[in-house]
Protein chains: 2
Amino acid sequence: MKSYHHGNLKQELILCACKLCEENGYETLSMRSIAKESGVSQTAPYRHFETKESLYASVAMEGFKKLSKVTSIDTSQKVTKKKLIETSVNYINFGLENANTYDLMFGTAVGDFSNYPELLDCANATYENMRLSFAKLANDSEEIIAYKCITLWSMLHGLVGILRKVAIAGVDGEPLRGPMTSASLIGDNLDLHLDKVLTGIIQN
Amino acid sequence: MKSYHHGNLKQELILCACKLCEENGYETLSMRSIAKESGVSQTAPYRHFETKESLYASVAMEGFKKLSKVTSIDTSQKVTKKKLIETSVNYINFGLENANTYDLMFGTAVGDFSNYPELLDCANATYENMRLSFAKLANDSEEIIAYKCITLWSMLHGLVGILRKVAIAGVDGEPLRGPMTSASLIGDNLDLHLDKVLTGIIQN
DNA sequence: AACCATATGTTTACAGTGTCAACATTAAAG
DNA sequence: CTTTAATGTTGACACTGTAAACATATGGTT
């Protein structure tokens, strides 16, 4: 009883792609698989995504929307270090809980965001809120604010990468070795660690 | 006049894989392509690499060896902040100049390093030198040392990721937007930035 | 020196992939 | 109501990872 035209295929394909991406990693996500999952012919997705990369871009965009949601600080109210810590924890948790999507967002699967303006906007929006937060926190120059942002951002990004390796290595119960041991140490005291880091950044 | 047996195929395959990986990214690297490039039948690599992931592991290992070479500090001599900065710059440059290999090393293409003990050792060796450096720099507890390591490491790792996005976005001469602007700001003053960061870390 | 197990190659095959071209059906615009 | 553009389908091509069966050379044991 289904009609020749789906009606809302693009949306469903993206949803499907997001699901499959997060479940099995974007490497195993295929044009054909999302087509099959959506009950449509194998090349139908090409009416909505010029290339696989552009599908990736859509998935990444959903990721950034979600990330924005959990990390954005209400800058109309007073911004505190505590809020920044909270946000930072949320950022890291997002990275850990949406690991595969996170890869898509910050990896090389989508080469140049400026080929996907909507994606670029979403990505920038996340950052913009962070910038505003720091601006509200102290009366710094634009340059200093930017500096603080990048410092925090790169730290968070780096932590996600490292904590994930810990998570993977720690799964089978084998004792952690080398750097992983220390990393898990941080993971268990994330709040404390972030407090220290943020204190450093804020004091500049 | 070539004989049936190659004699040194594994080595050549790895070399070939490293080259192709760095040139076009590991995603486009195929078992068949390295076979062809090495003038050998398409399935010959399977005599040396059980799976594609294990080939990836070998490429990643070469990467860690190279990284170790440019970042290791002579801990038999006095360790200074200056040396740590130097090493940090080298780390970041490695990440930028060997971007594709870096992805392989720190991404998800090789899932669990403990499946490749040699790789794990190489990866840990890089970290171990950093640990020793911090140990030599100040008389801290193991815990504090580990903490400092992870803080620096995640920072460096994060910076590489972000500076690369800048590099990509900045290629076509378009004005950088949002976070990229600030990131490029850091890129242009890397030494200064790292000095600040390291000062913060060392003081704890 | 003859023999044989093993390591290393090759050929063939299968199922899956991204993507293109040609065609079918429908919804929207005139 | 007809035409056009949007959206779907079929079929094809060249490529991929990898398994199975087979070929050849190497090295150790008699």
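Labels below follow one simple rule: chain letters A, B, ... track the order of the sequence lines, proteins then strands, and each chain is numbered from 1. Every value quoted in this text rests on a predicted model; they were computed, and no experiment measured them.
When ring centroids are compared, B:Tyr147 and A:His193 come within the 6.0 Å threshold.
Residue order along DNA chain C, read from the 5' end via each residue's closest nucleotide, puts A:Ser30 first among A:Ser30 and A:Thr43.
Here D:dT16 presents its C1' atom at 12 Å from NZ of B:Lys36, a figure rounded to the nearest Å. Remark: C1' of C:dG9 and CG of B:Leu13 are 12 Å apart, rounded to the nearest angstrom. Computed from coordinates, the A:Met31 CE to D:dT9 C1' distance equals 17 Å when rounded to whole Å. B:Asn8 places its CG atom 15 Å from the C1' atom of C:dG9, with the value rounded to the nearest Å. Atoms CD (B:Gln42) and P (D:dA21) sit 18 Å apart, rounded to a whole Å. For the pair A:Glu37 CD and C:dG16 C1', the interatomic distance rounds to 17 Å; values are reported in whole Å. A:Leu55 has its CG atom 13 Å from the P atom of C:dT17, to the nearest Å.
Within 6.0 Å of CD in A:Glu27 there are more than 12 heavy atoms belonging to other residues, nucleotides or ligands.
Taking the six-membered ring where the residue is Trp, B:Tyr56 and B:Tyr26 present perpendicular rings, their angle passing 60° and hence far from 30°. Using a 30° and 60° split on the angle between ring planes, A:Tyr127 and A:Trp153 fall in the tilted class, from 30° to 60°.
The pair A:Glu128-A:Arg131 meets the salt-bridge criterion, since a charged nitrogen lies less than 4.0 angstrom from a carboxylate oxygen. For the pair A:Glu86 and A:Lys83, the salt-bridge criterion is not met [side-chain N within less than 4.0 Å of a carboxylate O].
For the contact set between residues 46-54 of chain A and DNA chain C, defined by any heavy atom under 4.0 Å, the members are A:Tyr46, A:Arg47, A:Thr51, A:Lys52.
A donor-acceptor contact under 3.5 Å links the side chain of A:Arg32 to the base of C:dG18. For a distance-only test at 3.5 Å, the side chain of A:Ser33 fails to qualify as a donor-acceptor partner of the base of C:dT17.
Counting only Watson-Crick or G-U wobble pairs whose defining distances are both under 3.5 Å, the stems of 3 or more consecutive pairs in DNA chain C are C:1-29 with D:2-30.
Between the side chains of A:Thr87 and A:Thr71, no donor-acceptor pair of N or O atoms lies under 3.5 Å.
Under the salt bridge (charged side-chain N to carboxylate O under 4.0 Å, His left out) criterion, B:Lys81 pairs with B:Asp195, not counting sequence neighbours.
In terms of phosphate contacts, B:Ser41 brings no side-chain nitrogen or oxygen within less than 4.0 Å of OP1 or OP2 of C:dG9.
Between A:Asn129 and the options A:Thr75, A:Asp74, A:Asn124, a side-chain contact (heavy atoms from CB on, under 4.5 Å) holds for only A:Thr75.
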